[in-house]
J.: 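One structure is given below, represented as structure tokens, and several questions about it will come after.
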Amino acid sequence: MSISNQEFEQIQEYLDKGAIVLDVRTEAEYNEGHVEGALHIVLDELEDEIEQLTALQKPIITCCRSGARSEHAKDLLLDYEIDAINGGPWQNVKSYL
């Protein structure tokens, strides 16, 4: 999965705006390591949690293992008019913190 340069550049901008990091990996993957303070919602359950995410009223940076699931999550959030970008692999997002 390829993450655009624009999305990489936006990570710091989004963090500066108080964005929430959303990790959409499985429970086992998340437990192996994650961004400290990240919200964890497995991708398959994301649509069920849209109300919760909308209520936060913050931009969101999605992340996963490679960037593919987080791209799907970003697209889903955008469909619900939630400001989101794909941060790609969780280690990439962590490097900005």
Side-chain angles (χ1 to χ4, degrees):
M1 179 74 229
S2 174
I3 308 305
S4 75
N5 287 338
Q6 180 184 10
E7 286 171 325
F8 275 130
E9 292 168 5
Q10 286 181 319
I11 292 172
Q12 189 61 56
E13 175 189 327
Y14 269 59
L15 289 170
D16 291 345
K17 293 193 300 187
I20 292 168
V21 177
L22 173 63
D23 193 318
V24 296
R25 296 175 298 148
T26 65
E27 188 76 29
E29 289 173 306
Y30 183 82
N31 289 338
E32 290 173 6
H34 55 269
V35 175
E36 188 174 335
L39 184 60
H40 179 234
I41 301 174
V42 178
L43 180 59
D44 291 344
E45 300 169 4
L46 186 59
E47 202 156 12
D48 296 334
E49 303 295 333
I50 291 295
E51 256 184 60
Q52 171 193 342
L53 296 171
T54 302
L56 296 172
Q57 297 185 342
K58 291 187 175 227
I60 294 177
I61 301 169
T62 60
C63 65
C64 65
R65 182 172 44 90
S66 68
R69 285 175 284 178
S70 54
E71 179 70 16
H72 183 77
K74 177 204 75 169
D75 290 342
L76 179 65
L77 295 172
L78 291 175
D79 286 346
Y80 284 93
E81 299 181 0
I82 296 172
D83 185 10
I85 60 167
N86 181 2
W90 71 271
Q91 296 95 332
N92 177 59
V93 177
K94 185 177 182 179
S95 72
Y96 284 85
L97 301 172

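Since the model is a prediction, treat every value here as computed from it, not as a measurement.
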J.: Could you measure the distance from the CD1 atom of Ile61 to the OH atom of Tyr14? Nearest 0.5 Å is fine.
T.: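 If I round to the nearest 0.5 Å, the distance is 8.5 Å.
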
J.: Considering all heavy atoms of both residues, which atom of Ser70 and which atom of Asn86 are nearest to each other, and what is their separation?
T.: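 In this case the closest contact between Ser70 and Asn86 is OG-OD1, 2.5 Å.
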
J.: If a pair satisfies salt bridge (Lys or Arg N to Asp or Glu O under 4.0 Å) and one of its residues is in residues 88-97, list it, with sequence neighbours excluded.
T.: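 Checked against salt bridge (Lys or Arg N to Asp or Glu O under 4.0 Å) - neighbours excluded - no pair reaches residues 88-97.
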
J.: Please tell me if the side chains of Ile50 and Leu77 come closer than 4.5 Å, counting only heavy atoms from C-beta onward.
T.: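 SC-SC contact between Ile50 and Leu77 confirmed.
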
J.: Applying salt bridge (Lys or Arg N to Asp or Glu O under 4.0 Å), which residue pairs with at least one partner in residues 23-34 are found, sequence neighbours left out?
T.: Asp23-Arg25, Glu29-Arg65, Glu29-Arg69

J.: For residues Val35 and Trp90, report the shortest heavy-atom separation together with the two atoms involved.
T.: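 Smallest interatomic distance, heavy atoms only, reads CG2-O, 3.5 Å.
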
J.: Considering all heavy atoms of both residues, which atom of Leu15 and which atom of Leu97 are nearest to each other, and what is their separation?
T.: CD1-CD2, 3.7 Å

J.: Let me confirm one number: the NZ-CG distance from Lys74 to Asp79, rounded to the nearest 0.5 Å.
T.: 10.5 Å

J.: Who passes side-chain hydrogen bond (donor to acceptor under 3.5 Å, both in side chains) against Asp16, sequence neighbours left out?
T.: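 Asp16: side-chain hydrogen bond (donor to acceptor under 3.5 Å, both in side chains) contacts with Gln12.
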
J.: How close do Val21 and Cys63 get, heavy atom to heavy atom, and via which atoms?
T.: CG1-SG, 3.8 Å

J.: Following the transitive rule for hydrophobic clusters with a side-chain heavy-atom cut-off under 4.5 Å over Ile, Leu, Val, Met, Phe, Trp and Tyr, establish whether Tyr96 and Val93 coincide in one cluster.
T.: yes

J.: Leu39: what forms a side-chain contact (heavy atoms from CB on, under 4.5 Å) with it, not counting sequence neighbours?
T.: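 Once residues adjacent in sequence are excluded, the partners of Leu39 under the side-chain contact (heavy atoms from CB on, under 4.5 Å) criterion are Ile20, Leu22, Ile41, Gln52, Leu53, Leu56.
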
J.: List for me each residue that meets side-chain contact (heavy atoms from CB on, under 4.5 Å) alongside Glu13, sequence neighbours excluded, and say none if there are none.
T.: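 side-chain contact (heavy atoms from CB on, under 4.5 Å) list for Glu13, sorted by chain: Gln10, Lys17.
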
J.: Once side-chain contact (heavy atoms from CB on, under 4.5 Å) is applied, do any residues pair with Leu76, and if so which ones, sequence neighbours excluded?
T.: Leu46, Glu47, Tyr80

J.: How close do Asn92 and Gly87 get, counting heavy atoms only, and between which atoms?
T.: ND2-O, 2.8 Å

J.: What ring pair (Phe, Tyr, Trp, His ring centres under 6.0 Å) pairs are there with at least one residue in residues 40-73, not counting sequence neighbours?
T.: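 The answer is Tyr30-His40.
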
J.: Just how far is it from atom CD1 of Ile82 to atom OG1 of Thr54, taken to the nearest 0.5 Å?
T.: 3.5 Å

